[in-house]
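Everything below concerns the one structure shown next.
Computed from a predicted structure; not experimentally measured.
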Amino acid sequence: MKLISGCLLAILLAPVLYAQQSSSLLWKVSGNGLQQPSYLFGTFHILCKPDFSISTELENTLKTCTSFYGEIKMDEPGLQLQLMSKMTLTGKSIPQLVGETEYNRISPKFQSITGMPMAMLNQFKPFLHLSLLAQKAIACSDQVQPETELMKLAQQYRMKVQGLETINDQIEAIEKEPQDSQLHSLVKMVQNFDSVQQVMSKLVAVYKLRDIDSIYRFMKEAGMDEDFKTDMITQRNEKWIPLMQQAMLAQPCFFAVGAGHLGGTEGLIVLLRKQGYRLTPLKF
């Protein structure tokens with residue numbers, strides 16, 4: 001459970017051809033008073049470069065919109081500095097929190113995995129360590145962030161870049177996972193990094209099927225518990241819906257969020273349908 005929790009906490013979520021498609025990562029949102037459709041796309045926050053490309057169909061869909069929404073406003077100046085400031089520990093350091101014996105046990109392996117001395121991160125919250133480990137679990141040196149690539153394309157088309165939440169909102173959601181639990185995930189991820197790589201490899205393979213139901217099912221079967229789902233998916237989805245509605249009434253929007261937010265009974269697809277919108281899966 002702690003292995004998949006750490007992976008999913010750190011990363012929320014080659015083209016595959018298939019004859020019939022009842023689900024997708026790309027959805028058209030129409031009806032319910034919208035003058036023009038908007039679009040919803042499920043991303044994976046870090047992938048190997050060969051595993052992600054922007055097809056002509058996806059680009060053509062994006063450029064019909066006038067606003068691009070990520071989970072956060074990704075072109076905000078000083079975003080990384082703002083994030084790092086929120087990740088700083090107050091009070092005890094990581095060695096004090098995990099204990100010197102455990103710290104000395106995992107520190108060399110953490111450095112061998114990430115290439116970074118663990119001591120450099122002693123004053124930062126464990127989520128930062130989990131993020132680095134999850135990034136390294138994507139087994140390639142040439143990585144890409146799909147949201148960033150889509151945002152760059154949106155900027156080329158002079159679309160307005162927006163966010164569905166702030167850095168503070170994201171940190172608040174992350175910190176609902178108790179610090180002791182995050183520390184436990186950190187120790188387990190370091191100690192069992194081979195298993196972490198296997199989980200991430202399977203998750204990427206499921207994502208490449210381009211089926212939100214398969215993604216959601218995998219997350220549940222891999223050990224996503226109710227607290228994690230509530231804090232990291234359900235509550236955030238519910239907060240996003242009114243923002244999405246307001247934005248879509250004003251102009252056609254392209255929303256790019258982690259694919260784990262789309263599926264399930266409390267996913268964005270179901271929630272938007274409950275509001276009266278027509279959701280149509282698209283090939284791309």
Should F41 and F284 be marked as a ring-ring contact (aromatic ring centres under 6.0 Å, His included) after you check the CA-CA gap, both sets of side-chain angles, and the distance that decides it? CA-CA 11 Å; F41 183 70; F284 65 98; 5.5 Å; yes
Please assess N32 against L272 for the test side-chain contact (heavy atoms from CB on, under 4.5 Å), listing each intermediate value before the final yes or no. CA-CA 10 Å; N32 200 23; L272 286 168; over 6 Å; no
Candidate pair Q182 and I174, rule side-chain contact (heavy atoms from CB on, under 4.5 Å), full reasoning: CA-CA 10 Å; Q182 291 188 38; I174 290 165; 4.0 Å; yes
Checking Y216 against H261 for the side-chain contact (heavy atoms from CB on, under 4.5 Å) test, could you report, in this order, the C-alpha distance in whole Å, the side-chain angles of both residues, the deciding distance, and whether it holds? CA-CA 8 Å; Y216 185 78; H261 287 280; over 6 Å; no
Test side-chain contact (heavy atoms from CB on, under 4.5 Å) on M244 and F255; report intermediate values, then the result. CA-CA 8 Å; M244 294 173 71; F255 301 97; 3.7 Å; yes
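Side chain of S112 to main chain of K109: a donor-acceptor pair is present (N/O by atom type, distance under 3.5 Å, no hydrogens or angles). Judged by distance alone, the side chain of K283 and the main-chain N or O of S24 form no donor-acceptor pair under 3.5 Å. A donor-acceptor pair is defined here as one N or O able to donate and one able to accept, closer than 3.5 Å; no such pair exists between the side chain of D51 and the backbone of L47. Looking at R273, its side chain does come within 3.5 Å of a backbone N or O of L279 through a donor-acceptor pair. Without hydrogens or angle criteria, D213 side chain to S23 main chain gives no donor-acceptor distance under 3.5 Å. Judged by distance alone, the side chain of T64 and the main-chain N or O of T61 form a donor-acceptor pair under 3.5 Å. At distances below 3.5 Å, not a single donor-acceptor pair connects side-chain atoms of T148 with backbone N or O atoms of V144. Under the 3.5 Å distance criterion, the side-chain polar atoms of S53 are left unmatched by any main-chain donor or acceptor of S55. Remark: side-chain polar atoms of Q170 are not paired, donor with acceptor, to backbone N or O of T166 under 3.5 angstrom. Of the possible polar contacts, one joining the H129 side chain to the L121 backbone as a donor-acceptor pair under 3.5 Å is found.
In Q35, the CD atom is not crowded: 12 or fewer heavy atoms of neighbouring residues, nucleotides or ligands sit closer than 6.0 Å. Dense packing is recorded around NZ of K73, with more than 12 heavy atoms of other residues, nucleotides or ligands lying under 6.0 Å away. Atom NZ of K220 is surrounded by 12 or fewer heavy atoms from other residues, nucleotides or ligands within 6.0 Å. Enclosure of atom NZ in K92 is not indicated, since only 12 or fewer non-hydrogen atoms of other residues, nucleotides or ligands lie within 6.0 angstrom.
Taking all atoms of both residues into account, the shortest heavy-atom contact from V29 to M248 is CG1-SD, 3.8 Å. The two atoms that bring L62 and A154 nearest to each other are CD2-CA, 3.9 Å, heavy atoms only. Taking all atoms of both residues into account, the shortest heavy-atom contact from S67 to Y69 is CB-CE1, 3.9 Å. Nearest heavy atom pair, residue I215 against residue A259, reads CD1-CB, 3.7 Å. Summarising the geometry of P108 relative to R105, their closest heavy-atom pair is CD-O, 3.8 Å, with the distance given to 0.1 Å. Smallest separation of non-hydrogen atoms from Q111 and P117: OE1-CA, 3.6 Å.
With no hydrogens or angles considered, a side-chain donor-acceptor pair links E76 and Q82 at under 3.5 Å. Under 3.5 Å, the side chains of Q235 and T230 contain no donor-acceptor pair of N or O atoms. With no hydrogens or angles considered, no side-chain donor-acceptor pair links Y103 and Q96 at under 3.5 Å. Side-chain N/O atoms of D211 and S214 include a donor and acceptor closer than 3.5 Å. Using modelled atom types, one finds a donor on one side chain and an acceptor on the other under 3.5 Å when comparing E266 with T234.
One finds no salt bridge joining K239 and E165 here, because no Lys/Arg side-chain nitrogen approaches an Asp/Glu carboxylate oxygen to under 4.0 Å.
In this structure, CD on Q156 lies 10.5 Å from CZ on R158, to the nearest 0.5 angstrom. Atom CD in Q197 sits 7.5 Å away from atom CD1 in I113 (nearest 0.5 Å). To the nearest 0.5 Å, atom NZ of residue K208 and atom CZ of residue R210 are 10.5 Å apart. Atoms CE and CG, on M84 and L81 in that order, are 8.5 Å from each other to the nearest 0.5 Å. Here CG of L150 is found 9.5 Å from CE of M159. Values are rounded to the nearest 0.5 Å. If you take CD1 on I94 and CG on L186, they are separated by 6.5 Å, rounding to the nearest 0.5 Å.
Residues M232 and E177 have side chains not in contact (no heavy-atom distance under 4.5 Å, counting atoms from C-beta outward). With a 4.5 Å cut-off on side-chain heavy atoms, W27 and I269 count as touching. Residues S185 and L130 meet the side-chain proximity criterion, which asks for heavy atoms closer than 4.5 Å. By the 4.5 Å heavy-atom criterion applied to side chains, F110 and T114 are counted as neighbours. Considering only heavy atoms from C-beta on, F52 stays 4.5 Å or farther from Q145 through its side chain. With contacts defined as side-chain heavy-atom distances shorter than 4.5 Å, the pair V257/T43 does not qualify. Taking 4.5 Å as the limit, some side-chain heavy atom of F44 sits within range of a side-chain heavy atom of L203. The shortest side-chain heavy-atom distance between E71 and L164 does not fall under the 4.5 Å cut-off.
Within the structure, no pair that satisfies the disulfide (SG to SG under 2.5 Å) test touches residues 59-91, not counting sequence neighbours.
If you look at Y207 and F218, their ring centroids are not closer than 6.0 Å.
Residue V161 is grouped with residue L79 when hydrophobic side chains (ILVMFWY) are merged at heavy-atom distances under 4.5 angstrom, including chains of intermediate members. Hydrophobic cluster membership is shared by M120 and L183, with clusters built from Ile, Leu, Val, Met, Phe, Trp and Tyr side chains linked at under 4.5 angstrom. Residues V270 and L25 do not share a hydrophobic cluster, clusters being chains of Ile/Leu/Val/Met/Phe/Trp/Tyr side chains in contact below 4.5 Å.
The only option from K49, Q135, K136 that meets the side chain to side chain contact (heavy atoms under 4.5 Å, CB included) definition with Q143 turns out to be Q135.
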